[in-house]
Undergrad: 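Handing you a structure now.
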Amino acid sequence: MRANSVAGVVKAMGGVARTSELIAASVPAGALAVAVRSGELLRPRQGVYALPETPARLIESLSHRGVLACVSAARDYGLWTLDDGADEPVHTWISPDHHPTRMAIDPDTGAPGCCEIHRGGVIDAPGLRRVSVIDCLRQILACRGPEAFFAALESAMRQRVIDLNSVGRLRAALSLPHRWLVDFARWDADSGLESILRLRLHRVGLVLASQVHIPGVGDVDFVIQDCLILEADGATHEGDSRHKDRVRDAVAMALGFVTLRFDSAMILHDWELVESAVLAAVARDLHRSAAGRSW
Ligand SMILES: [Zn+2]
Ligand SMILES: [Zn+2]
(Lines give C-alpha, C1' and ligand atoms only; values in the text may rest on other atoms or scores of the structure.)
(Ligands and ions follow the chains in the order given, each with its own letter.)
Protein backbone atom coordinates (compact mmCIF):
# COMPACT_ATOMS: atom_id res chain seq x y z
CA MET A 1 0.00 0.00 0.00
CA ARG A 2 1.44 3.38 -0.98
CA ALA A 3 1.88 6.05 1.63
CA ASN A 4 -0.59 8.45 0.03
CA SER A 5 -3.30 5.83 0.14
CA VAL A 6 -2.55 5.34 3.84
CA ALA A 7 -3.16 9.06 4.25
CA GLY A 8 -6.39 8.56 2.31
CA VAL A 9 -7.56 5.97 4.84
CA VAL A 10 -6.72 8.34 7.73
CA LYS A 11 -8.60 11.12 5.96
CA ALA A 12 -11.66 8.91 5.57
CA MET A 13 -11.50 8.29 9.33
CA GLY A 14 -11.72 12.01 10.02
CA GLY A 15 -8.04 12.94 9.78
CA VAL A 16 -6.95 11.23 12.98
CA ALA A 17 -6.87 7.47 13.59
CA ARG A 18 -5.55 4.84 15.97
CA THR A 19 -3.16 2.15 14.80
CA SER A 20 -5.72 -0.51 15.72
CA GLU A 21 -8.36 1.13 13.50
CA LEU A 22 -5.91 1.39 10.61
CA ILE A 23 -4.80 -2.23 10.96
CA ALA A 24 -8.48 -3.23 11.02
CA ALA A 25 -8.86 -1.27 7.75
CA SER A 26 -6.10 -3.47 6.23
CA VAL A 27 -3.32 -0.90 6.42
CA PRO A 28 -0.01 -2.76 6.97
CA ALA A 29 1.89 -1.58 10.04
CA GLY A 30 4.99 -1.07 7.90
CA ALA A 31 3.16 1.37 5.64
CA LEU A 32 2.44 3.61 8.66
CA ALA A 33 6.11 3.95 9.49
CA VAL A 34 6.87 4.73 5.84
CA ALA A 35 4.10 7.36 5.75
CA VAL A 36 5.50 9.08 8.85
CA ARG A 37 9.05 9.08 7.45
CA SER A 38 7.86 10.59 4.18
CA GLY A 39 5.76 13.25 5.92
CA GLU A 40 2.46 11.90 4.62
CA LEU A 41 1.32 11.35 8.19
CA LEU A 42 2.15 12.74 11.62
CA ARG A 43 2.44 10.57 14.69
CA PRO A 44 1.51 12.85 17.61
CA ARG A 45 1.97 9.94 19.99
CA GLN A 46 2.47 6.23 19.93
CA GLY A 47 -0.51 4.51 18.36
CA VAL A 48 -2.10 7.62 16.85
CA TYR A 49 -1.67 9.00 13.32
CA ALA A 50 -2.88 12.29 11.87
CA LEU A 51 -2.81 14.11 8.56
CA PRO A 52 -0.18 16.88 8.26
CA GLU A 53 -2.92 19.52 7.94
CA THR A 54 -4.37 18.58 11.35
CA PRO A 55 -4.71 21.77 13.43
CA ALA A 56 -1.67 22.31 15.66
CA ARG A 57 -3.97 22.56 18.68
CA LEU A 58 -5.30 19.07 18.15
CA ILE A 59 -1.79 17.68 17.63
CA GLU A 60 -0.81 19.38 20.90
CA SER A 61 -3.67 17.71 22.80
CA LEU A 62 -3.00 14.33 21.23
CA SER A 63 0.68 14.54 22.11
CA HIS A 64 -0.30 14.62 25.80
CA ARG A 65 -2.41 11.45 25.42
CA GLY A 66 -5.24 13.93 25.67
CA VAL A 67 -8.13 15.25 23.61
CA LEU A 68 -9.50 18.71 22.93
CA ALA A 69 -11.57 19.91 25.87
CA CYS A 70 -13.64 22.82 27.11
CA VAL A 71 -13.58 25.89 24.83
CA SER A 72 -11.08 24.24 22.45
CA ALA A 73 -13.46 21.30 21.95
CA ALA A 74 -16.34 23.78 21.55
CA ARG A 75 -14.52 25.50 18.69
CA ASP A 76 -13.82 22.11 17.14
CA TYR A 77 -17.55 21.36 17.32
CA GLY A 78 -18.24 24.72 15.65
CA LEU A 79 -19.90 26.17 18.74
CA TRP A 80 -19.95 29.86 19.53
CA THR A 81 -17.42 30.94 22.14
CA LEU A 82 -16.87 34.37 23.64
CA ASP A 83 -13.56 34.76 21.77
CA ASP A 84 -11.64 32.91 19.10
CA GLY A 85 -9.04 31.58 21.53
CA ALA A 86 -6.16 32.47 19.22
CA ASP A 87 -4.11 33.92 22.05
CA GLU A 88 -4.70 31.26 24.66
CA PRO A 89 -3.33 27.78 25.26
CA VAL A 90 -5.30 24.85 23.98
CA HIS A 91 -7.62 23.28 26.56
CA THR A 92 -6.72 19.61 26.80
CA TRP A 93 -8.41 16.87 28.77
CA ILE A 94 -6.21 14.06 30.03
CA SER A 95 -7.86 11.12 31.74
CA PRO A 96 -7.27 11.16 35.49
CA ASP A 97 -6.41 7.47 35.08
CA HIS A 98 -3.55 8.15 32.67
CA HIS A 99 -0.06 9.24 33.31
CA PRO A 100 0.07 12.28 31.07
CA THR A 101 2.86 12.10 28.58
CA ARG A 102 4.87 15.29 28.06
CA MET A 103 3.95 16.40 31.57
CA ALA A 104 7.62 15.93 32.39
CA ILE A 105 8.27 18.86 30.05
CA ASP A 106 5.57 20.94 31.67
CA PRO A 107 4.94 19.31 35.06
CA ASP A 108 3.41 22.31 36.80
CA THR A 109 0.02 22.75 35.19
CA GLY A 110 -0.45 25.95 37.21
CA ALA A 111 2.43 27.59 35.38
CA PRO A 112 1.99 29.17 31.98
CA GLY A 113 2.39 26.16 29.74
CA CYS A 114 1.49 24.81 26.36
CA CYS A 115 -1.98 23.69 27.49
CA GLU A 116 -4.75 24.45 29.93
CA ILE A 117 -5.02 20.93 31.32
CA HIS A 118 -8.38 19.52 32.41
CA ARG A 119 -8.24 16.32 34.46
CA GLY A 120 -11.74 15.98 35.89
CA GLY A 121 -13.94 12.95 35.34
CA VAL A 122 -16.11 12.74 32.24
CA ILE A 123 -19.61 11.37 31.74
CA ASP A 124 -19.14 10.00 28.22
CA ALA A 125 -16.17 8.20 26.76
CA PRO A 126 -14.28 10.82 24.74
CA GLY A 127 -13.58 10.37 21.06
CA LEU A 128 -10.05 10.35 19.72
CA ARG A 129 -10.02 14.10 19.08
CA ARG A 130 -12.36 15.67 21.64
CA VAL A 131 -14.56 15.12 24.66
CA SER A 132 -18.31 14.58 24.19
CA VAL A 133 -20.41 17.70 23.79
CA ILE A 134 -21.91 17.17 27.27
CA ASP A 135 -18.47 17.03 28.85
CA CYS A 136 -17.30 19.95 26.73
CA LEU A 137 -20.16 22.09 28.10
CA ARG A 138 -19.58 20.95 31.70
CA GLN A 139 -15.93 21.89 31.37
CA ILE A 140 -16.80 25.34 30.01
CA LEU A 141 -19.09 25.95 32.99
CA ALA A 142 -16.30 25.05 35.42
CA CYS A 143 -13.53 26.82 33.50
CA ARG A 144 -15.26 29.87 32.01
CA GLY A 145 -18.42 30.34 34.04
CA PRO A 146 -22.18 30.40 33.44
CA GLU A 147 -22.34 32.92 30.58
CA ALA A 148 -19.80 31.15 28.38
CA PHE A 149 -21.55 27.87 29.20
CA PHE A 150 -24.99 29.23 28.35
CA ALA A 151 -23.88 30.73 25.02
CA ALA A 152 -22.12 27.50 24.01
CA LEU A 153 -25.15 25.43 25.08
CA GLU A 154 -27.57 27.52 22.99
CA SER A 155 -25.15 27.30 20.07
CA ALA A 156 -25.03 23.50 20.41
CA MET A 157 -28.84 23.38 20.59
CA ARG A 158 -29.29 25.68 17.62
CA GLN A 159 -26.94 23.56 15.48
CA ARG A 160 -28.34 20.29 16.82
CA VAL A 161 -24.85 19.29 17.98
CA ILE A 162 -26.70 18.20 21.13
CA ASP A 163 -30.07 16.42 21.17
CA LEU A 164 -32.93 16.61 23.63
CA ASN A 165 -31.88 13.46 25.47
CA SER A 166 -28.34 14.79 25.92
CA VAL A 167 -29.66 18.14 27.14
CA GLY A 168 -31.48 16.18 29.85
CA ARG A 169 -28.34 14.24 30.75
CA LEU A 170 -26.35 17.47 30.88
CA ARG A 171 -28.93 19.06 33.18
CA ALA A 172 -28.87 16.07 35.53
CA ALA A 173 -25.06 16.23 35.68
CA LEU A 174 -25.01 19.88 36.80
CA SER A 175 -25.17 21.07 40.36
CA LEU A 176 -28.61 22.35 41.37
CA PRO A 177 -27.77 26.08 41.21
CA HIS A 178 -26.82 25.76 37.55
CA ARG A 179 -29.70 23.67 36.22
CA TRP A 180 -31.90 26.67 35.52
CA LEU A 181 -29.45 27.69 32.80
CA VAL A 182 -30.37 24.54 30.87
CA ASP A 183 -34.10 25.16 31.45
CA PHE A 184 -33.68 28.75 30.25
CA ALA A 185 -31.83 27.75 27.05
CA ARG A 186 -33.63 27.77 23.70
CA TRP A 187 -33.22 25.82 20.46
CA ASP A 188 -33.52 28.87 18.21
CA ALA A 189 -30.99 31.41 19.50
CA ASP A 190 -29.40 32.92 16.41
CA SER A 191 -26.06 33.86 17.92
CA GLY A 192 -24.04 33.85 21.09
CA LEU A 193 -24.62 37.59 21.33
CA GLU A 194 -28.34 36.93 21.59
CA SER A 195 -27.70 34.32 24.26
CA ILE A 196 -25.61 36.71 26.34
CA LEU A 197 -28.07 39.59 25.91
CA ARG A 198 -31.09 37.50 26.93
CA LEU A 199 -29.32 35.93 29.91
CA ARG A 200 -28.04 39.23 31.27
CA LEU A 201 -31.35 41.04 30.88
CA HIS A 202 -33.13 38.10 32.51
CA ARG A 203 -30.85 38.66 35.50
CA VAL A 204 -32.14 42.23 35.87
CA GLY A 205 -35.71 41.00 35.68
CA LEU A 206 -36.60 41.66 32.05
CA VAL A 207 -38.52 39.11 29.99
CA LEU A 208 -37.62 39.01 26.31
CA ALA A 209 -39.76 37.39 23.63
CA SER A 210 -37.32 35.77 21.17
CA GLN A 211 -37.37 35.58 17.37
CA VAL A 212 -40.56 37.58 17.01
CA HIS A 213 -42.15 37.98 13.59
CA ILE A 214 -43.62 41.44 13.04
CA PRO A 215 -45.57 41.82 9.80
CA GLY A 216 -44.02 44.56 7.67
CA VAL A 217 -40.78 44.46 9.66
CA GLY A 218 -39.75 40.80 9.59
CA ASP A 219 -38.16 38.68 12.29
CA VAL A 220 -36.56 40.64 15.09
CA ASP A 221 -34.27 39.21 17.74
CA PHE A 222 -36.26 40.26 20.80
CA VAL A 223 -39.28 42.27 21.90
CA ILE A 224 -39.75 43.52 25.45
CA GLN A 225 -43.43 43.61 26.33
CA ASP A 226 -45.50 45.41 23.66
CA CYS A 227 -43.15 47.29 21.40
CA LEU A 228 -39.51 47.62 22.47
CA ILE A 229 -37.37 45.78 19.92
CA LEU A 230 -33.81 44.71 20.80
CA GLU A 231 -31.42 43.63 18.07
CA ALA A 232 -28.02 42.01 18.69
CA ASP A 233 -25.99 42.60 15.55
CA GLY A 234 -23.15 40.25 14.70
CA ALA A 235 -20.63 40.61 11.88
CA THR A 236 -23.31 40.00 9.24
CA HIS A 237 -24.82 43.44 9.82
CA GLU A 238 -22.36 45.25 7.56
CA GLY A 239 -22.54 46.63 4.03
CA ASP A 240 -25.92 46.13 2.36
CA SER A 241 -27.55 44.83 5.46
CA ARG A 242 -26.75 48.09 7.27
CA HIS A 243 -29.17 49.82 4.93
CA LYS A 244 -31.77 47.08 5.38
CA ASP A 245 -31.44 47.44 9.15
CA ARG A 246 -32.08 51.18 8.94
CA VAL A 247 -35.16 50.58 6.80
CA ARG A 248 -36.42 47.98 9.26
CA ASP A 249 -35.95 50.35 12.16
CA ALA A 250 -37.88 53.10 10.35
CA VAL A 251 -40.72 50.75 9.39
CA ALA A 252 -40.86 49.47 12.96
CA MET A 253 -41.01 53.03 14.32
CA ALA A 254 -43.81 53.89 11.88
CA LEU A 255 -45.74 50.88 13.22
CA GLY A 256 -45.30 52.04 16.82
CA PHE A 257 -42.19 50.06 17.80
CA VAL A 258 -38.91 51.39 19.15
CA THR A 259 -35.67 49.62 18.21
CA LEU A 260 -32.49 49.47 20.26
CA ARG A 261 -29.62 47.96 18.32
CA PHE A 262 -26.37 46.73 19.89
CA ASP A 263 -23.28 45.25 18.31
CA SER A 264 -20.91 42.61 19.60
CA ALA A 265 -18.34 45.10 20.94
CA MET A 266 -21.05 46.75 23.06
CA ILE A 267 -22.57 43.50 24.32
CA LEU A 268 -19.24 41.86 25.12
CA HIS A 269 -17.13 44.85 26.19
CA ASP A 270 -19.46 47.68 27.22
CA TRP A 271 -22.32 45.87 28.88
CA GLU A 272 -23.02 48.66 31.41
CA LEU A 273 -23.96 50.96 28.56
CA VAL A 274 -26.25 48.36 26.95
CA GLU A 275 -27.98 47.63 30.24
CA SER A 276 -28.48 51.28 31.15
CA ALA A 277 -29.91 52.02 27.70
CA VAL A 278 -32.44 49.18 27.99
CA LEU A 279 -33.36 50.02 31.58
CA ALA A 280 -33.77 53.72 30.71
CA ALA A 281 -36.06 52.82 27.80
CA VAL A 282 -38.16 50.61 30.08
CA ALA A 283 -38.23 53.30 32.79
CA ARG A 284 -39.68 55.69 30.20
CA ASP A 285 -42.31 53.09 29.25
CA LEU A 286 -41.00 52.76 25.70
CA HIS A 287 -41.90 49.07 25.93
CA ARG A 288 -45.59 49.79 26.45
CA SER A 289 -48.00 50.70 23.74
CA ALA A 290 -51.71 51.42 24.05
CA ALA A 291 -52.21 49.25 21.00
CA GLY A 292 -50.47 46.42 22.83
CA ARG A 293 -49.13 43.58 20.79
CA SER A 294 -51.22 44.39 17.80
CA TRP A 295 -49.05 42.57 15.26
ZN1 LIG B 1 -11.00 25.04 30.04
ZN1 LIG C 1 0.40 21.06 25.86
Side-chain angles (χ1 to χ4, degrees), residues 15-16 18 41-157 159 161-162 166 169-171 173-175 177-178 181-182 185 192 195-196 199 268:
V16 182
R18 292 185 175 90
L41 286 180
L42 303 176
R43 196 180 74 139
R45 69 167 186 260
Q46 196 173 6
V48 174
Y49 295 86
L51 296 176
E53 62 264 35
T54 305
R57 295 176 159 258
L58 176 53
I59 296 291
E60 175 66 37
S61 288
L62 291 168
S63 73
H64 285 284
R65 282 177 87 187
V67 295
L68 294 174
C70 191
V71 286
S72 298
R75 290 183 196 106
D76 199 56
Y77 276 112
L79 305 186
W80 195 87
T81 50
L82 291 175
D83 52 62
D84 65 8
D87 302 332
E88 67 167 14
V90 58
H91 292 235
T92 293
W93 179 78
I94 302 171
S95 166
D97 303 328
H98 281 174
H99 175 69
T101 54
R102 290 193 68 203
M103 292 293 272
I105 303 169
D106 182 26
D108 181 2
T109 57
C114 56
C115 287
E116 186 84 38
I117 303 285
H118 287 255
R119 301 217 66 188
V122 289
I123 290 175
D124 298 325
L128 182 54
R129 65 186 290 144
R130 60 197 180 192
V131 295
S132 74
V133 70
I134 293 180
D135 289 311
C136 163
L137 292 166
R138 290 173 59 236
Q139 288 165 346
I140 292 174
L141 179 59
C143 187
R144 289 297 171 84
E147 286 189 355
F149 164 80
F150 182 74
L153 170 61
E154 286 205 325
S155 178
M157 291 168 72
Q159 300 180 68
V161 170
I162 193 168
S166 297
R169 291 175 56 230
L170 170 65
R171 184 184 186 281
L174 298 184
S175 62
H178 289 126
L181 291 163
V182 178
S195 302
I196 298 284
L199 181 65
L268 296 179

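Ligands are counted one by one from 1 in listed order, and the atoms in each one are counted from 1 as well.
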Undergrad: Just give me the atom name: the N, O or S atom of His118 closest to the Zn ion (ligand 1).
TA: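 Relative to the Zn ion (ligand 1), the closest nitrogen, oxygen or sulfur of His118 carries the name NE2.
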Undergrad: May I have the angle between His64 NE2 and Cys115 SG with its vertex at the Zn ion (ligand 2), rounded to 10°?
TA: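 With the Zn ion (ligand 2) as the vertex, the angle is close to 110°.
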Undergrad: Check whether Asp135 reaches the backbone of Asp124 with its side chain - one donor and one acceptor, N or O, closer than 3.5 Å.
TA: yes
Undergrad: For the Zn ion (ligand 2), give me the closest N/O/S atom belonging to Glu60, just the atom name.
TA: OE2
Undergrad: Using modelled atom types only, decide if a donor and an acceptor are shared between the side chain of Arg130 and the backbone of Asp76 within a distance under 3.5 Å.
TA: yes
Undergrad: Donor-acceptor check, side chain of Gln139 to backbone of His118, threshold 3.5 angstrom: yes or no?
TA: no
Undergrad: Is there a donor-acceptor pair under 3.5 Å between the side chain of Glu116 and the backbone N or O of His91?
TA: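 No.
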Undergrad: Of all the N, O or S atoms in His91, which one sits nearest to the Zn ion (ligand 1)?
TA: ND1
